[in-house]
Amino acid sequence: MGHRVMHINVMMMYKLHSDVDKGDGTLKYILSGDGAGTVFTIDENTGDIHALKKMDREEKSFYTLRAQAIERRTGRPVEPESEFIIKIHDINDNEPKFSKELYMATVPEMSDVGTSVIQVIATDADDPTYGYSARVAYSILQGQPYFSVESDTGIIRTALPNMDREAKEQYQVIIQAKDMGGQMGGLSGTTSVNITLTDVNDNPPRFPQSVYQMTVKESSQEGTAVGRIKAYDADIGENAEITYQIIDGDGMNMFDITTDKATQEGVVLVKKMLDYESKKSYTLKVEAMNSRLDPRFLYLGPYKDTATVRIAVEDVDEPPVFSRPFYMLDVYEDIDVGTIIGTITAQDPDASHSLISYSIDRHTDLDRYFNINSANGSIVTLKPLDREEMPWHNITVIATETVLENSRQTSRVPVLIKVLDVNDNAPEFPMVYETFVCENAKTGQLIQTVGAVDKDSPPSGSRFFFSLAPESANNPNFTVLDNEDNTAGILTRRGGFRRQDMSTYLLPVLIADKEYPIQSSTNTLLIRVCACDSDGTMQSCNTEAIILPPGLSTGALIAILLCIIILLVIVVLFAAMRKQRKKEPLIISKEDIRDNIVSYNDEGGGEEDTQAFDISTLRNPEVIEDTQLRRDIKPENFLLPRPAPTIPDNTDVRDFINQRLKENDTDPGAPPYDSLATYAYEGNGSIAESLSSLESVTTETDQDYDYLSDWGPRFKKLSDMYGGEDSDRDS
């Protein structure tokens with residue numbers, strides 16, 4: 001049978017036959033290979049091949065099979081195996097399919113006709129080499145007359161000129177792909193294409209109104225926003241960006257305009273300070289223009305618009321305005337008190353022109369050197385001025401409108417007062433000179449060079465003259481030589497100085513300046529006589545080293561004596577204090593035998609510390625109580641005494657105690673520390689009357705306490721205490 005290629009349709013039968021087959025049934029046909037038994041089967045008697053199921057060329061386009069004739073009885077092949085290929089013929093059973101169910105595309109508005117928008121592609125699974133089953137043709141079902149599609153390529157193009165995004169932005173186009181070249185009977189598929197027109201700058205900005213009205217207070221600072229205007233542009237994004245500018249008007253120098261990028265509004269700002277009294281209104285001509293222009297659409301222009309802005313200035317109550325931003329006054333330091341040194345002027349800029357009252361901020365003139373006339377602003381001195389003490393005075397003058405108290409406006413201005421120098425200080429030594437002359441000094445020897453300083457500051461510089469004071473012009477010991485360079489030398493007029501004769505000399509030196517009026521002063525120079533070596537080096541200037549014998553100096557002896565006296569005084573005072581110190585007895589007298597309640601809420605002296613409380617408070621509650629303060633603890637707050645409640649007759653003691661306890665527990669002013677509340681009331685109607693000995697101190701009569709022994713063991717202690725005392729007294 002050999003190798004064969006067979007083209008069959010689905011379910012088509014094919015017949016195989018061997019030349020050896022005589023039709024007597026001794027041969028059997030068998031089939032093997034790709035799809036044998038599953039897709040194809042063979043009749044073993046006749047060799048007919050049948051398809052078992054429907055085949056899809058798009059899944060498998062051909063099958064390779066092998067057939068052979070064998071003896072039925074022995075299974076021996078009678079001919080070589082024959083191989084053949086079965087190819088599946090295609091039929092148009094697949095419609096075209098697009099790669100997407102929905103396409104998104106954009107195209108600029110105002111595009112020319114035929115501008116490419118997007119290409120859509122559909123594929124057909126049928127065999128493109130067999131007939132027209134896979135030949136696809138495109139057509140537009142929806143979207144005309146705005147768009148068209150090329151039938152062969154699927155490219156969508158614009159079909160109308162000047163499509164305007166502002167008129168319609170979104171379009172939905174439905175494209176059909178049909179096989180068989182679009183002929184009748186072909187299969188088809190569709191897809192949707194959403195096309196968006198993108199914006200171009202084809203619309204100019206437009207103001208919604210031609211005139212805008214605004215108001216602004218004259219007190220508005222520079223940069224204050226006056227108002228906003230907006231021109232609307234039908235475009236979007238950068239094509240709608242607008243720039244505003246003032247192109248004309250009498251307020252071009254007073255106002256400015258900027259663009260708010262977020263809102264595309266023009267913001268009118270104050271450029272210079274306004275004055276209602278000078279000009280009450282302004283007119284501006286504002287232009288709005290697109291920032292970015294498209295040359296293709298300039299023919300649609302102009303891309304700008306103008307509007308008029310009228311601004312009315314509102315009057316406000318303004319503070320006074322000084323004639324200068326600051327004042328600088330010069331005054332000589334020798335000026336008389338009460339002299340006018342300058343005048344400050346201010347005026348009310350409002351139409352009312354209120355009167356101005358002047359004053360000095362005393363925080364800037366604490367020493368009250370100056371005063372100002374409240375009516376005319378003239379500044380006068382209150383104290384003498386001294387340039388050497390304070391060369392500058394910086395004060396602040398306040399100008400206040402003299403109108404109603406609740407609406408007064410004030411302004412401040414700095415006033416700098418420079419105190420000018422006059423020659424009112426005499427020159428003097430710049431320091432205390434430590435001058436000495438050697439005992440072996442010679443005549444005409446220089447022993448000191450002195451200088452001078454002057455607190456004044458003459459404009460041409462200081463020049464000082466030195467000489468001996470008139471009263472010492474004929475000093476036999478020393479003289480002054482003016483060096484004419486603001487220094488002078490002190491020279492000796494003789495030699496042979498001796499410390500034993502004179503240890504120190506006082507030399508008055510007269511120093512004068514050259515300014516007008518001339519000032520001079522006498523400065524005394526202390527000159528000590530000292531022992532020197534042959535080179536003139538000082539050895540000693542102390543006269544005591546010569547006149548006192550070897551030993552302690554007078555100062556040392558005086559110091560030792562003072563220490564001894566102080567020690568003696570301390571010993572005497574200590575002894576006197578010990579003699580005066582006495583121990584206070586626990587009980588002052590036998591008659592002062594009273595119940596003593598001792599507090600143990602501290603770490604003090606225990607039972608014998610009877611000074612902690614004043615036991616005189618133990619008295620009848622019907623007597624008015626006096627506030628007694630604890631002496632062992634200092635209370636933080638002094639409590640006012642509470643009036644003692646009146647206790648009716650025959651009231652039980654327990655009720656009385658509970659009542660007072662409740663009062664203390666609920667008292668918010670009670671002290672925060674442990675305290676003792678004392679109550680002298682012992683009840684009414686007791687057959688024994690009072691059990692306390694506190695009242696016994698008021699009488700000198702003896703009392704009999706023998707009856708206490710009859711009250712039982714609870715009163716045994718009392719019986720022993722008072723019974724024993726009687727025994728002591730009797731003895």
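The first residue in the sequence is number 1, and the count goes up from there.
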Should the pair [X]-[Y] be classified as a salt bridge under the 4.0 Å nitrogen-to-oxygen rule?
{"X": "Arg463", "Y": "Asp513", "result": "no"}
{"X": "Glu222", "Y": "Lys272", "result": "no"}
{"X": "Lys418", "Y": "Asp330", "result": "no"}
{"X": "Glu241", "Y": "Arg292", "result": "yes"}
{"X": "Asp365", "Y": "Arg368", "result": "no"}
{"X": "Asp124", "Y": "Arg135", "result": "no"}

Residue pair Pro320 / Pro349: nearest heavy atoms and the distance that separates them: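 For Pro320 and Pro349, the tightest heavy-atom pair comes out as CA-CD, 4.2 Å.
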Could you grab the distance from atom [atom1] of [X] to atom [atom2] of [Y], nearest 0.5 Å is fine?
{"X": "Met214", "Y": "Arg310", "atom1": "CE", "atom2": "CZ", "answer": "13.0 Å"}
{"X": "Phe297", "Y": "Asp235", "atom1": "CZ", "atom2": "CG", "answer": "9.5 Å"}
{"X": "Met289", "Y": "Thr306", "atom1": "CE", "atom2": "OG1", "answer": "12.5 Å"}
{"X": "Gln221", "Y": "Leu269", "atom1": "CD", "atom2": "CG", "answer": "13.5 Å"}
{"X": "Ser354", "Y": "Gln409", "atom1": "OG", "atom2": "CD", "answer": "10.0 Å"}
{"X": "Ile417", "Y": "Trp392", "atom1": "CD1", "atom2": "CH2", "answer": "10.0 Å"}

So does [X] have more than 12 non-hydrogen atoms from other groups sitting under 6.0 Å from [atom1]?
{"X": "Lys285", "atom1": "NZ", "value": "no"}
{"X": "Gln170", "atom1": "CD", "value": "yes"}
{"X": "Lys271", "atom1": "NZ", "value": "yes"}
{"X": "Lys279", "atom1": "NZ", "value": "yes"}
{"X": "Lys100", "atom1": "NZ", "value": "no"}

Out of Asp199, Asp202, Thr198, which residue meets the side-chain hydrogen bond (donor to acceptor under 3.5 Å, both in side chains) rule with Asn239?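 By the side-chain hydrogen bond (donor to acceptor under 3.5 Å, both in side chains) criterion, Asn239 pairs with just one of Asp199, Asp202, Thr198: Asp199.
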Evaluate Leu293 against Leu298 for side chain to side chain contact (heavy atoms under 4.5 Å, CB included), listing each step before the verdict. CA-CA 8 Å; Leu293 300 179; Leu298 291 179; 4.2 Å; yes
Where the side chain of Tyr303 meets the backbone of Ser291, is there a donor-acceptor pair that is under 3.5 Å apart?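 Not confirmed, Tyr303 side chain does not pair with Ser291 backbone.
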Ignoring hydrogens and geometry, is there a side-chain-to-backbone donor-acceptor pair from Asn423 to Pro517 under 3.5 Å?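 Confirmed, Asn423 side chain pairs with Pro517 backbone.
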So, is the end of the Lys280 side chain (NZ or CZ) under 6.0 Å from the ring centre of Tyr276 and within 45° of the ring's axis?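 So Lys280 does make the cation-pi contact.
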Whether Tyr171 and Tyr146 hold their rings parallel, tilted or perpendicular, with breakpoints at 30° and 60°: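 Ring orientation of Tyr171 relative to Tyr146: tilted.
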Using 30° and 60° as the class limits, which term best fits the ring planes of Tyr244 and Phe207: parallel, tilted or perpendicular?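 Taking Phe207 first and then Tyr244, their aromatic rings sit tilted (interplane angle of 30° to 60°).
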Evaluation steps, side chain to side chain donor-acceptor pair (under 3.5 Å), between Glu388 and Asn425: CA-CA 9 Å; Glu388 290 70 35; Asn425 290 279; 3.1 Å; yes
Report the C-alpha distance between Phe255 and Met252 in whole Å, list the side-chain angles of each, state the deciding distance to 0.1 Å, and finish with yes or no for side chain to side chain contact (heavy atoms under 4.5 Å, CB included). CA-CA 6 Å; Phe255 298 93; Met252 293 183 64; over 6 Å; no
For a side chain to side chain contact (heavy atoms under 4.5 Å, CB included) check, start with the C-alpha distance between Val193 and Ile118, then their side-chain angles and the critical distance, and finish with the verdict. CA-CA 9 Å; Val193 182; Ile118 192 175; 4.0 Å; yes
Could you walk me through whether Ile121 and Phe98 pass the side chain to side chain contact (heavy atoms under 4.5 Å, CB included) check? CA-CA 6 Å; Ile121 298 176; Phe98 287 94; 6.0 Å; no
For the residue pair Thr158 and Ser111, confirm or rule out a side-chain donor-acceptor distance under 3.5 Å.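 Per modelled atom types, Thr158 and Ser111 side chains form no pair under 3.5 Å.
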